[in-house]
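Any value given below was found using the heavy atoms of this structure, including those in side chains, with hydrogens, waters and symmetry copies removed.
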Amino acid sequence: MTKDTILIIGANGQIGSVLTEALRQRFGEDQVIPTDIRKPDHHVGHFEFLNVLDAQRIAELVDEHHVTQIYHLAAVLSAKGEQAPLPTWDVNMKGLLNVLEVAREKKVAKVFYPSSIAVFGPTTPRVNTPQYTVMEPTTVYGVSKVSGELWSQYFYTRYGLDVRSVRYPGIIGYQSLPGGGTTDYAVDIYHKAIQHLPYECFLREDTRLPMLYMEDAIRGTLELMDAPADKIQIRTSYNLSAMSFTPAEISLEIRKHMPDFQVSYKPDFRQAIADSWTQSIDDSHARRDWGWAPKYDLPSMTEDMLVHLAEQYQTAGG
Ligand code: SER
C-alpha cells in the first residue's frame with residue numbers, strides 16, 4: 001500500500017461516491033478523505049464537511065491529513081447551471097481556483113479535475129469530435145469547464161502542478177443517481193424500466209450523445225492518475241469515448257430484456273443543450289498516451305445495469 005492520502009471534493013455526487021469506494025479499496029479506508037457540502041445518506045467511515053468556496057478549509061484539510069492527491073469533483077452541471085448562471089460560475093470556477101491554489105501552495109502531488117463534453121458547442125464538428133477543435137459552448141457549465149481546462153494547463157505550465165483531466169461524456173451507473181445534467185435521462189430510464197414503469201424522456205428520440213459506463217469511467221480515471229507524468233501530453237483535458245446512442249436506441253436495447261417497456265418523449269429546455277453538444281468523440285490521444293480503452297458498449301452496459309438494479313430494488317423492496 002502506498003502512503004498517498006486522497007482528498008475527494010464532491011464525494012457524494014454521482015461519480016464522487018463511486019470513486020470514493022474505488023479509492024478506498026485501492027489506498028485503504030484511512031487514506032481517503034471524502035468531503036462534500038452535505039453528509040452522505042448511508043455513509044460509514046470518515047467524512048468531512050467542505051464547501052469548495054472555503055479555500056481556508058481546503059488548506060486546513062490538506063494540512064491535517066497530509067493530503068498528496070486531490071480529486072475535485074464538485075460542480076453544478078449543465079441543466080441546473082442554466083437556472084442560476086452566476087452562482088454556477090462561482091461554484092465551478094472559484095471552486096477550481098481554490099483547489100489549484102491550495103494544491104500549489106501545499107505542494108499536493110496530483111490533482112484530478114473532470115471536464116466534460118459540455119466544452120463543445122454548436123460550432124464544434126459534431127461527429128468524431130477531435131481533441132483539438134472549436135470550443136464555443138453555450139451553457140455556463142460548458143464555459144466554466146473550458147476555462148477550467150485552461151486554468152489547469154496554466155497551473156501545470158506555470159507552476160508544475162500535476163493536474164490531469166478527462167472530458168467525461170454522460171456517465172451511466174447503477175450505484176448512484178446523477179443530478180442536474182442533460183445526460184441524466186440515460187440513468188433514469190433504467191430505473192423506470194426495472195420498476196415496470198413507463199418513462200417520459202426530456203430529450204427527443206433521435207438525440208445522439210456520447211456516453212460512458214461508470215465502471216469504465218472509474219477505471220479510466222484511475223489509469224490516467226496512475227500513468228507516468230511524461231505520458232500525459234495533454235494538460236487541458238483528454239477526450240474520452242465509449243459509445244454514443246439516442247433515447248430511441250437505448251429504449252430498444254432495454255426492450256430486448258423488458259419487452260413491455262414504454263417510452264414517450266416530451267423535450268424540454270434540455271433539448272437545446274443536448275443539440276449544442278457533439279454526437280461522438282475521437283479519443284485517440286487518450287488511447288495513445290495512457291492506454292485508454294473502454295470495455296462496455298450499449299448492449300453490455302444495459303445487461304449489467306438491469307442485473308444490478310434488479311438486485312437493488314429487490315433488496316430495497318424485500
Ligand atoms: N453529464 C453532464 C451533463 O449532462 C455532462 O458533463 O451536464
(request) Go through Lys106 and Asp63 one step at a time and tell me if the side chain to side chain contact (heavy atoms under 4.5 Å, CB included) criterion holds. (result) CA-CA 8 Å; Lys106 306 284 176 192; Asp63 279 342; 3.0 Å; yes
(request) Mark yes or no for whether Glu82, through its side chain, and Val140, through its backbone, hold a donor-acceptor pair below 3.5 Å. (result) yes
(request) Salt-bridge test for Glu223 and Arg219: reply yes if a basic N is under 4.0 Å from a carboxylate O, no otherwise. (result) yes
(message) Please check: side-chain N/O of Glu101 versus main-chain N/O of Asn98, any donor-acceptor pairing under 3.5 Å?
(response) no
(request) Using a 4.5 Å cut-off on heavy atoms from C-beta on, say whether the side chain of Asp226 contacts that of Leu224. (result) no
(request) With side chain to side chain donor-acceptor pair (under 3.5 Å) as the test, would you mind laying out the steps for Ser165 and Ser152 before giving the verdict? (result) CA-CA 8 Å; Ser165 177; Ser152 299; 5.8 Å; no
(message) Between Lys192 and Glu200 (salt bridge meaning N to carboxylate O under 4.0 Å), is one present in this structure?
(response) no
(message) With a 4.5 Å cut-off on side-chain heavy atoms, are Lys295 and Met301 touching?
(response) no
(request) Could you check if a side-chain atom of Tyr71 sits within less than 4.5 angstrom of a side-chain atom of Val111, using non-hydrogen atoms only? (result) no
(request) State whether the side chain of Thr207 and the backbone N or O of Leu203 hold a donor-acceptor pair below 3.5 Å, judged by distance alone. (result) no
(request) Indicate whether the side chain of Glu253 and that of Thr302 have a donor and an acceptor atom separated by less than 3.5 Å. (result) no
(message) Regarding Arg235 and Asp162, does a basic nitrogen lie under 4.0 Å from an acidic carboxylate oxygen?
(response) yes
(message) Could you check whether any side-chain heavy atom of Phe245 comes within less than 4.5 Å of a side-chain heavy atom of Leu209, counting everything from C-beta outward?
(response) no
(message) Could you check whether any side-chain N or O of Ser78 sits under 3.5 Å from a backbone N or O of Thr182, counting only pairs where one atom can act as donor and the other as acceptor?
(response) yes
(request) Could you tell me whether Arg164 sits above the aromatic face of Phe112, with NZ or CZ closer than 6.0 angstrom to the six-membered ring centre and within 45 degrees of the axis? (result) no
(message) Tell me whether Arg104 forms a cation-pi arrangement with Tyr159, defined as NZ or CZ under 6.0 Å from the six-membered ring centre and within 45 degrees of its axis.
(response) yes
(message) Checking Ser244 against Ser280 for the side chain to side chain donor-acceptor pair (under 3.5 Å) test, could you report, in this order, the C-alpha distance in whole Å, the side-chain angles of both residues, the deciding distance, and whether it holds?
(response) CA-CA 6 Å; Ser244 290; Ser280 60; 5.0 Å; no
(request) Let me know which of Trp292, Trp290, Tyr132 forms a ring-ring contact (aromatic ring centres under 6.0 Å, His included) with His285. (result) Tyr132
(message) So does Arg126 get a backbone contact from the side chain of Gln279, meaning a donor-acceptor N/O pair under 3.5 Å?
(response) no
(request) Enter the distance from Thr35:OG1 to His46:NE2 here, rounded to the nearest 0.5 Å. (result) 10.0 Å
(message) Can you confirm if the aromatic rings of His191 and Tyr199 lie within a centre distance of less than 6.0 Å?
(response) no
(message) Closer than 3.5 angstrom, by distance alone: can the side chain of Ser237 be matched with the main-chain N or O of Arg167 as a donor-acceptor pair?
(response) yes
(message) Rounded to the nearest 0.5 Å, what separates atom OG1 in Thr278 from atom CZ in Phe120?
(response) 5.5 Å
(message) Between His65 (side chain only) and Leu61 (backbone N and O only), is there a donor and an acceptor less than 3.5 Å apart?
(response) no
(request) Using a 4.5 Å cut-off on heavy atoms from C-beta on, say whether the side chain of Gln83 contacts that of Phe269. (result) yes
(message) So that I can tick it off, tell me whether Asp275 and Arg204 are bridged by a salt bridge, with the cut-off set at under 4.0 angstrom between side-chain N and carboxylate O.
(response) yes
(message) Is any side-chain heavy atom of Tyr238 closer than 4.5 Å to one of Gln233?
(response) yes
(message) Tell me whether Asp282 contacts the main-chain N or O of Asn128 through its side chain, where contact means a donor paired with an acceptor under 3.5 Å.
(response) no
(message) Using modelled atom types and a 3.5 Å cut-off, is there a donor and acceptor pairing between side-chain atoms of Asn92 and backbone atoms of Val76?
(response) yes
(message) Distance alone, cut at 3.5 Å: any donor-acceptor contact between the side chains of Thr236 and Gln153?
(response) no
(message) Has Thr133 got a side-chain atom pairing as donor or acceptor with Thr129's backbone, closer than 3.5 angstrom?
(response) no
(message) Before you tell me yes or no, could you show the steps for Tyr213 and Ser300 under side chain to side chain donor-acceptor pair (under 3.5 Å), namely the whole-Å CA-CA distance, both residues' side-chain angles and the distance that decides it to 0.1 Å?
(response) CA-CA 10 Å; Tyr213 197 38; Ser300 54; over 6 Å; no
(message) Any donor-acceptor pair under 3.5 Å linking the side-chain atoms of Glu21 with those of Gln25?
(response) no
(message) I'd like to know if Glu48 and Arg57 make a salt bridge, using a cut-off of under 4.0 Å between side-chain N and carboxylate O.
(response) yes
